[in-house]
Amino acid sequence: MNTAHYHLPGLFEFYELYRIFLPLFREHREYFYDWCDIGSIYGAPADCIWGGGRVGFGDNDPRDVLALTQEYGISARLTFSNSLLQEEHLSDINCTRLCALFHEAGGNGVIVHSDLLLEYLKRNYPNLYFVSSTTKVLTDFQEFADEVSREDFRYVVPDFRLNRAFDKLNTLTNARKDKVEFLCNECCWFGCTDRKKCYENVIRKNLGEDCEDHHCAAPGGNEGYRFSKAMTNPGFIGVQEIQEHYLPMGFSNFKIEGRGLGSALILEFLLYYMTKPEYQIHVREAIYLDSMLDLF
């Protein structure tokens with residue numbers, strides 16, 4: 001069986017959680033499924049105008065964040081999926097310094113939406129690899145397949161509503177399947193037509209624009225994220241589906257969302273997707289008993 005590579009949220013946002021979890025994952029590998037590993041951790045610190053998708057937060061030193069991922073041999077990804085960037089934004093000192101740091105370390109990537117930013121990064125930071133962001137909301141399969149065919153991208157994240165288009169997905173070559181990174185645990189209403197507007201609202205705030213919050217009109221949109229609700233989503237990909245459908249079909253990359261959530265929920269994702277049920281209490285205790293971590 002292929003290995004499932006999880007791409008986890010909160011590189012900066014949940015640095016303290018990963019500082020505890022990653023040693024557990026290395027030292028007690030028996031706690032975790034042997035058919036999965038950590039492909040990358042993604043995120044962005046606060047006040048990154050290149051950011052998108054969700055508002056980043058976290059004020060840890062980027063050198064400490066990068067050192068943690070390097071210690072455990074995990075790729076670090078900067079989430080720079082702002083779709084509204086202009087030429088004047090490309091000289092932002094905070095974002096360019098982050099790219100230079102991650103570029104020099106090697107093996108790291110950037111999640112992008114803007115082709116303007118993509119071309120800039122390709123010219124200036126050739127050691128970085130690139131991921132096509134789910135904020136493009138690629139719901140049309142042919143548009144998604146065309147994106148997968150682009151040599152610019154090592155991975156492409158389709159909209160979660162393509163997750164179960166198995167007949168079409170299975171037409172991809174093995175090389176193309178290796179580039180597909182499914183978003184597993186989306187809570188958004190399956191029939192949502194405002195997804196791009198929601199992302200754009202976050203993007204405008206990252207750019208410093210004075211704009212009202214996006215108000216979700218979807219059924220249950222005022223409830224916030226609930227993992228139990230995500231599990232009932234028609235696009236949800238659970239552990240059993242990964243083992244029984246996606247891995248045998250040749251797909252091996254799975255993205256877990258959650259940068260804008262609390263660390264307690266991220267822990268639940270780590271337990272559900274990676275931890276054997278009989279050992280979940282051991283992982284919980286190790287996390288809960290660390291007095292330096294504020295789970296909520």
Side-chain angles (χ1 to χ4, degrees), residues 6-22 24-25 38-48 51-60 65 68-69 74 76-81 111 131 133-135 137 157 159-160 163 181-190 192 194-195 198-203 205-206 213-216 218-233 235-239 254-275 280 283-284 286-288 290 292-296:
Y6 287 124
H7 304 276
L8 303 177
L11 178 64
F12 294 88
E13 297 88 341
F14 303 115
Y15 166 79
E16 294 296 338
L17 174 62
Y18 290 119
R19 185 183 57 79
I20 303 167
F21 179 78
L22 293 181
L24 279 174
F25 188 69
I38 301 173
S40 73
I41 306 176
Y42 65 93
D47 301 323
C48 278
R54 297 291 178 261
V55 176
F57 59 91
D59 56 3
N60 295 96
V65 172
L68 180 66
T69 58
I74 297 170
R77 294 181 180 177
L78 296 165
T79 305
F80 286 163
S81 51
I111 303 171
V131 182
S133 174
T134 192
T135 60
V137 191
V157 185
D159 187 84
F160 70 101
N163 283 358
E181 185 177 311
F182 292 101
L183 182 60
C184 293
N185 59 327
E186 179 56 62
C187 191
C188 182
W189 180 44
F190 199 78
C192 178
D194 289 339
R195 196 162 172 82
C198 179
Y199 284 135
E200 187 173 300
N201 182 259
V202 173
I203 287 166
K205 290 181 178 180
N206 281 348
D213 291 340
H214 173 76
H215 295 287
C216 181
N222 61 340
E223 296 176 354
Y225 186 96
R226 298 188 182 187
F227 195 23
S228 58
K229 180 180 177 181
M231 288 179 169
T232 67
N233 192 303
F236 179 74
I237 299 177
V239 169
F254 303 93
K255 179 176 183 177
I256 309 301
E257 77 162 35
R259 285 198 302 135
L261 305 176
S263 52
L265 258 178
I266 304 302
L267 174 59
E268 289 304 312
F269 301 154
L270 297 174
L271 293 169
Y272 173 79
Y273 280 104
M274 302 180 68
T275 312
Q280 289 182 4
V283 176
R284 278 196 181 93
I287 301 296
Y288 289 163
D290 190 298
M292 296 297 292
L293 182 64
D294 180 6
L295 277 173
F296 302 96

Worksheet item: What are the two closest heavy atoms between F227 and Y225, and how far apart are they?
Response: N-CE2, 3.5 Å
Worksheet item: What heavy-atom pair brings F160 and L183 nearest, and what distance separates the two atoms?
Response: CB-O, 4.1 Å
Using side-chain heavy atoms (C-beta onward) and a distance below 4.5 Å, is [X] in contact with [Y]?
{"X": "L22", "Y": "I74", "answer": "yes"}
{"X": "I38", "Y": "F21", "answer": "yes"}
{"X": "F12", "Y": "L78", "answer": "yes"}
{"X": "I41", "Y": "V65", "answer": "no"}
{"X": "L271", "Y": "R284", "answer": "yes"}
{"X": "E257", "Y": "F269", "answer": "no"}
{"X": "P9", "Y": "I266", "answer": "yes"}
{"X": "Y18", "Y": "L11", "answer": "no"}

To the nearest 0.5 Å, how far apart are [atom1] in [X] and [atom2] in [Y]?
{"X": "C184", "Y": "I256", "atom1": "SG", "atom2": "CD1", "value": "4.0 Å"}
{"X": "L265", "Y": "F14", "atom1": "CG", "atom2": "CZ", "value": "8.5 Å"}
{"X": "M231", "Y": "I237", "atom1": "CE", "atom2": "CD1", "value": "13.0 Å"}
{"X": "Y15", "Y": "L17", "atom1": "OH", "atom2": "CG", "value": "12.0 Å"}
{"X": "I287", "Y": "E16", "atom1": "CD1", "atom2": "CD", "value": "11.5 Å"}

Fill in: Geometric cation-pi criterion K255 and Y42, 6.0 Å radius, 45° cone
yes
Worksheet item: Mind checking whether Y272 and F236 have parallel, tilted or perpendicular rings, split at 30° and 60°?
Response: tilted
May I ask you to decide if [Y]'s main-chain N or O and [X]'s side chain share a donor-acceptor pair within less than 3.5 Å?
{"X": "Y288", "Y": "V283", "value": "no"}
{"X": "T275", "Y": "L270", "value": "yes"}
{"X": "N163", "Y": "G235", "value": "yes"}

Fill in: For Y6, all residues meeting ring pair (Phe, Tyr, Trp, His ring centres under 6.0 Å), sequence neighbours excluded
Y273
Fill in: side-chain hydrogen bond (donor to acceptor under 3.5 Å, both in side chains) involving S133 - partner list, sequence neighbours excluded
T135
Worksheet item: So, are R226 and E186 salt-bridged, with charged N and O less than 4.0 Å apart?
Response: no
Item to complete: Output, in order, the C-alpha distance, side-chain angles, deciding distance and verdict of side chain to side chain contact (heavy atoms under 4.5 Å, CB included) for M274 and L8.
Response: CA-CA 11 Å; M274 302 180 68; L8 303 177; 4.3 Å; yes
